[in-house]
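To start, the structure under review is shown below, and the notes come after it.
When reading the values below, keep in mind they use all heavy atoms of this one structure, side chains included, and skip hydrogens, waters and symmetry mates. Reminder, nothing fancy here: chain letters follow the sequence lines and each chain counts from 1.
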Amino acid sequence: MLDINIIRNDIERVKQAIVNKNETTSLDSFQELDSRRKTLLIECDELRNKRNVTSKEISELRSKKKDASELIQEMKGVSDQIKQLEAEAKVLSDDLDSLLMRIPNIPSDDVPVGKDPTSNVIVKSWGDKKAFSFTPLPHWELGKELGILDFERAAKISGAGFTLYMGAGARLERALCNFMLDLHTQEHGYIEVLPPYLVNRTSMTGTGQLPKLEEDMYRIPEDDLFLIPTAEVPVTNIHANEILSNKDLPILYAAYTPCFRREAGSYGKDTRGMIRVHQFNKVELVKFVRPETSYDELESLLSVSEKVLQLLGLQYQVVKLCTGDLSFAAAKCYDIEVWSPGVNKFLEVSSCSNFEDFQARRSNIRFRDDEGNLRFVHTINGSGVALPRTMIAIIETYQREDGTVEIPEVLRPYMNGLDIIRSV
RNA sequence: GGAGGGAUGGCUGAGCGGUUGAAAGCGCUGGUCUCGAAAACCAGUUGGGGAGAAAUCUUCACGCGAGUUCGAAUCUCGCUCCCUCCGCCA
């Protein structure tokens, strides 16, 4: 949620941000709603004041055993009037709130303006393209031959877009998870958290997934709970409605969770293998930081996420997203894309975003600064990193001509010493 | 699922329907005292909205939402969450 004063004082800037983000929210009704609401509230305030003052008078008259029936009679009317005005104001407030909740965050000044991913900017390329003496296979072929990935059976169990990991494949997934968590908690100072995977509507709204993306969520209607699309949702909401101590900032959390996405509207895209699936695991990094430091903290979050791929020896690039590719809540975002030699594409494994105070305002996460003022924190998050696509890159990058796959050095301790995945 | 109890400020915990935005204690902040500290004493210490340059004024909020009333933390109803016991289950 934006500071309403930004909309009041510089509505053109907000309108431009909406256009640049390819959003369609209309601000036409804003000024009317805002001013009518304000007028009503002022009127309400005056009447309430009258009621408060008169009630006190009535109380005094009563204690002196004097008659107060005339005042009581008058106040009856006032109370009815207040009730009516309050009801009107509530409608306006609800409308205004729902409008505010649909206004996206404003992109940071250094974000390139653009309609679609073609305007994204590659800001870094790491690692060399691995030279193969043979044509590298895609992971779905390698995985099937090795017996570690079974998409047919996953489809039998659940449908298209699910993965069944078997044997060394399942073990590799677990190894990756442990490797990443250990790295972030032991080397980068993140606190490990294991949050709920089902969250309520308030949490989902706090981080900005709702109201816009309801169609993309798996929802449990009986309880109005949602399966998390990312650990960002439960982890950011850990501190909802809290006032954090300045000396505790920054707060760094790393969470390993499954993520559930309906992927509505992406049917027919990336259908083979596990490039795009409805359920996947991910290690998510979430930071709560002082506003002055948030852009530095974004860079450091990016670099610890990159570290994962560097240690795994995977080629990747970092892309700065243009305005049109930026998510609803983000002010700035870097995608990390790992190279997949078999699919012959870069695959996004992390989006490292600074939300500034957008989420903090929605979730009401504040801190007291050195001057004693209450301010909203800035929130930052990114994956460190998403597992299936990382596994794709590992399998495809480390494949050998005989169809076996070498396990990266850093993962071997987590694989009980296994160094090669062979067909069983 | 059944029965009962509860939800008040950073914490503990009072609170007859009418100066209770809220006692008291703890904590925290500032001050006095001290070479310094502790103790003691004094003062301050919730948040949101509106008006104002400011001092300040005003309004809302005692889990959430409705209701009764001139007036609700206090009464009624619904919901949520927490605790205890019983049942069921990992």
Q.
From CG of A/L47 over to P of B/G49, roughly how many Å is that when rounded to an integer?
A. 22 Å
**Q.** Donor on one side chain, acceptor on other, A/Q359 and A/E232, under 3.5 Å
**A.** yes
Q: Could you please name the partner base of B/A40, counting Watson-Crick and G-U wobble pairs only when both distances are under 3.5 Å?
A: B/U32
Q) What is the minimum heavy-atom distance between A/A68 and A/L61, and which atoms define it? A) CB-CD1, 3.9 Å
Q | Nucleotide B/G48, atom P - distance to CG of A/N5 in whole Å | A | 14 Å
Q: Output every pair passing salt bridge (charged side-chain N to carboxylate O under 4.0 Å, His left out) with a member in residues 152-173 of chain A, not counting sequence neighbours, ordered by first then second residue.
A: A/D150-A/R153
Q) B/A61 pairs with which nucleotide, Watson-Crick or G-U wobble, both distances below 3.5 Å? A) B/U46
Q) In whole angstroms, how far is the C1' atom of B/G48 from the CZ atom of A/R366? A) 8 Å
Q. To the nearest Å, how far apart are A/N364 CG and B/G48 P?
A. 9 Å
Q. Which part of the nucleic acid does A/I243 contact within heavy-atom distance under 4.0 Å: base, sugar-phosphate only, or nothing?
A. nothing
Q) If you measure only the distance, is there a donor-acceptor pair under 3.5 Å linking the side chains of A/E32 and A/S35? A) no
Q. How long is the line joining CG of A/L85 and C1' of B/U59, in whole Å?
A. 14 Å
Q) Can you list every pair that meets side-chain hydrogen bond (donor to acceptor under 3.5 Å, both in side chains) and has a residue in residues 194-207 of chain A, with sequence neighbours left out? A) A/N200-A/S203, A/R201-A/E214, A/R201-A/D224, A/T207-A/Q209
Q.
It should be established whether A/N49 places a side-chain nitrogen or oxygen under 4.0 Å from OP1 or OP2 of nucleotide B/U58.
A. no
(Q) Just verifying a value: how many Å separate A/S363 OG and A/F288 CZ, rounded to the nearest 0.5 Å? (A) 8.5 Å
Q: Could you tell me which nucleotide pairs with B/G18 by Watson-Crick or G-U wobble geometry, both distances under 3.5 Å, or answer none if nothing does?
A: B/C70
Q: For B/G67 and B/A72, measure between their P atoms and round to the nearest Å.
A: 12 Å
Q | Euclidean distance, atom CG of residue A/L374 to atom C1' of B/G48 [Å, nearest integer] | A | 11 Å
Q) Mind checking who B/U84 pairs with, Watson-Crick or G-U wobble, both distances under 3.5 Å? A) B/A3
Q | Separation of the P atoms in B/A3 and B/U45, to the nearest angstrom | A | 47 Å
Q. Can you tell me the Watson-Crick or wobble partner of B/U56, both distances under 3.5 angstrom?
A. B/A51
Q | Separation between the C1' atoms of B/G27 and B/G10, rounded to whole Å | A | 7 Å
**Q.** Interatomic distance at P, B/A43 relative to B/U84, whole Å
**A.** 42 Å
Q) What's the CZ-P distance between A/R368 and B/U45, to the nearest Å? A) 13 Å
Q) Given the side-chain rings of A/F328 and A/F358, with only the six-membered ring counted for Trp, is the space between their centroids under 6.0 Å? A) yes
Q. Ring centroid separation for A/Y253 and A/H239, is it under 6.0 angstrom?
A. yes
Q: Among the candidates B/G50, B/U59, B/G47, find the nucleotide nearest to the side-chain atoms of A/N52.
A: B/U59
Q) RNA chain B: A/I42 or A/E46, which has the more 5' nearest nucleotide? A) A/I42
Q. Taking protein heavy atoms under 4.0 Å as touching, what does nucleotides 62-80 of chain B look like 5' to 3' if B marks base contact, S marks sugar-phosphate-only contact and - marks none?
A. ----S-S-BS---------
Q.
For B/A90, give the paired nucleotide (Watson-Crick: N1-N3 plus N6-O4 or O6-N4; G-U: N1-O2 and O6-N3; both under 3.5 Å), or none.
A. none
Q) If you measure from the C1' atom in B/A90 to the same atom in B/G5, how many Å do you get, rounded? A) 28 Å
**Q.** Gap in Å between the two C1' atoms, one belonging to B/U74 and one to B/U20, rounded
**A.** 11 Å
Q | B/U8 versus B/A23 - spacing of their C1' atoms, nearest Å | A | 12 Å
Q: For the pair A/Y190 and A/H188, name the ring-plane relationship: parallel under 30°, tilted 30 to 60°, perpendicular over 60°.
A: perpendicular
Q | B/C88 versus B/G6 - spacing of their C1' atoms, nearest Å | A | 25 Å
Q) In whole Å, what is the span from the CG atom of A/D45 to the C1' atom of B/C60? A) 8 Å
Q: Answer with base, sugar-phosphate or nothing: what part of the nucleic acid does A/R37 contact at a heavy-atom distance below 4.0 Å?
A: nothing
